[in-house]
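Sequence lines set the chain letters: A, B, ... in the order given, protein chains first and strands last, and positions in each chain run from 1.
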Number of protein chains: 2
Amino acid sequence: MTFFERPALVRDGVYGHLRRAVLDGDIAPGERIGEAELGERLGVSRTPIREALMRLTQEGLLVSEANKGVRVRTVSAAEARDTYVVREELDGLAAALAAQTHTAADADALRAALAALNAAPGGDYRAQTRLDLAFHQGVTLAAHNAALAELARGLEQRVALIKHQTRTYNAHPETEAQHAAILQAILARDAASAREAARQHVRTFAPLVMQNLGESR
Amino acid sequence: MTFFERPALVRDGVYGHLRRAVLDGDIAPGERIGEAELGERLGVSRTPIREALMRLTQEGLLVSEANKGVRVRTVSAAEARDTYVVREELDGLAAALAAQTHTAADADALRAALAALNAAPGGDYRAQTRLDLAFHQGVTLAAHNAALAELARGLEQRVALIKHQTRTYNAHPETEAQHAAILQAILARDAASAREAARQHVRTFAPLVMQNLGESR
DNA sequence: CGCCTCAGGATTGTATACAATATCCAAAGA
DNA sequence: TCTTTGGATATTGTATACAATCCTGAGGCG
């Protein structure tokens, strides 16, 4: 009965297990995570549990209140808006850099990621969210900028969190065309177009999510 | 004999103590930090020490090798270049947003921060680095965007780290004028000028640091 | 009936004990 | 002399024990 792959360190296993559970929506935003209970379920002590929880808290997936434990983060409307403002800038930069610096292997990976995303069943929200995340992370990786990858990773994760919270999924009809436009511009090594396509994608999506979060504009 | 202010939690005290030590350059990049020795010096157990170290590692100030402990991060030339590419984008965004959204209190704080920075003795590298960090963080705060503040904080910290590593300080003659230009554009609520001033500042500074990184290799 | 008080239990924070892994040095062999 | 190997030592990783804080609810008092 193994709950997670076996990295060398227990805390890394717990981290990966919990990260996936949160990003897949298996643990709902706002839900509490008790150290003792989780440790019992996974068959490990509280020490690696705590270290994994702290790491996820630092990444913004969980929130911690002193002496009261951690919960899956719930993103406020203001925080979501802030996130999309920054994401528009960073995703645009990532796409522009990817257009300039991507390798043949990057191109293959991006094509495969997009194909997988488009092939996902319309009703499988979990797969959609996961594959959408994978595509955008692929763009970031193709930019070959370590600092950008680090920051974008946190943002993309938070976006996934927001999607679960608002139950907004990639149902928008323009999504597929926009993804294609981003990929095409990158493959054509057209940095300016890639940047604008990525920014447009964020600008299209953000209002949808904000609407579900209950804030106009 | 107290080594750090005492927040409610010991780990937060250790975190603040170490963060300042690293950002002030009291612990050199590459230097190793042993848990037991540090715990003994601070009079606390290894548990809060480990949690503080993990947090600083996650923030990018330290690096951790499995079973081999943590060291103050040494930033490679490629990582530094990546950092400045992203920073140009984010600092530009921060300045633009600050121009649009800053309050009267923000304006006062920014003026005070810049005055303090300009008043710092030319030879006091520690004060210069700390006050420069404070000014840039002030701009970020004035942008009133939580997601941006979070990301920019990490970048600014890394820049401070790079400065210590390369021994590049704010000696450049244009620095003072550029800071003034950023502040002036923000106060005038001229978003476009503020963005460009901030970007120009990064573009001026980055080559200096990169040059020193090439030498100090 | 409503509000306050205060045990009791439960949960997190910290300290310590134990296990696993890496580092270092000295001795043996080619 | 150089390399290798083995174990002693030190350090990190994990588990457990203890302390401090918070939540709950029953009972008393106004």
Item to check | Spacing of B/L38 atom CG and B/I27 atom CD1 [to the nearest 0.5 Å] | outcome: 7.5 Å
Next on the checklist: Return the CG to OG1 distance between B/L208 and B/T175, rounded to the nearest 0.5 Å.
Outcome noted: 8.0 Å
Checklist entry - Which word best sums up how the rings of A/H136 and A/H179 line up, parallel for under 30°, tilted for 30 to 60°, or perpendicular for over 60°? => result perpendicular
Item to check | Spacing between A/L38 atom CG and C/dT11 atom P, to the nearest angstrom | outcome: 13 Å
Checklist entry - Rounded to the Å, how far apart are A/I49 CD1 and C/dT11 P? => result 14 Å
Checklist entry - Going by an N to O cut-off under 4.0 Å, is there a salt bridge joining B/R20 and B/D26? => result no
Checklist entry - Can you check whether A/E79's main-chain N or O pairs, donor with acceptor, with A/D82's side chain at less than 3.5 Å? => result no
N/O-N/O pairs, protein side and nucleotides 12-14 of chain C side, under 3.5 Å:
unit_1	atom_1	unit_2	atom_2	d
C/dT12	OP1	A/R32	NH2	2.8
C/dT12	O3'	A/N67	N	3.4
C/dG13	OP1	A/N67	N	3.3
C/dG13	OP1	B/R11	NH2	3.3
C/dG13	OP2	A/R50	NH1	3.1
C/dG13	OP2	A/R50	NH2	3.4
C/dG13	N7	A/R46	NH2	3.1
C/dG13	O6	A/R46	NH1	3.2
C/dT14	OP1	B/V10	N	2.4

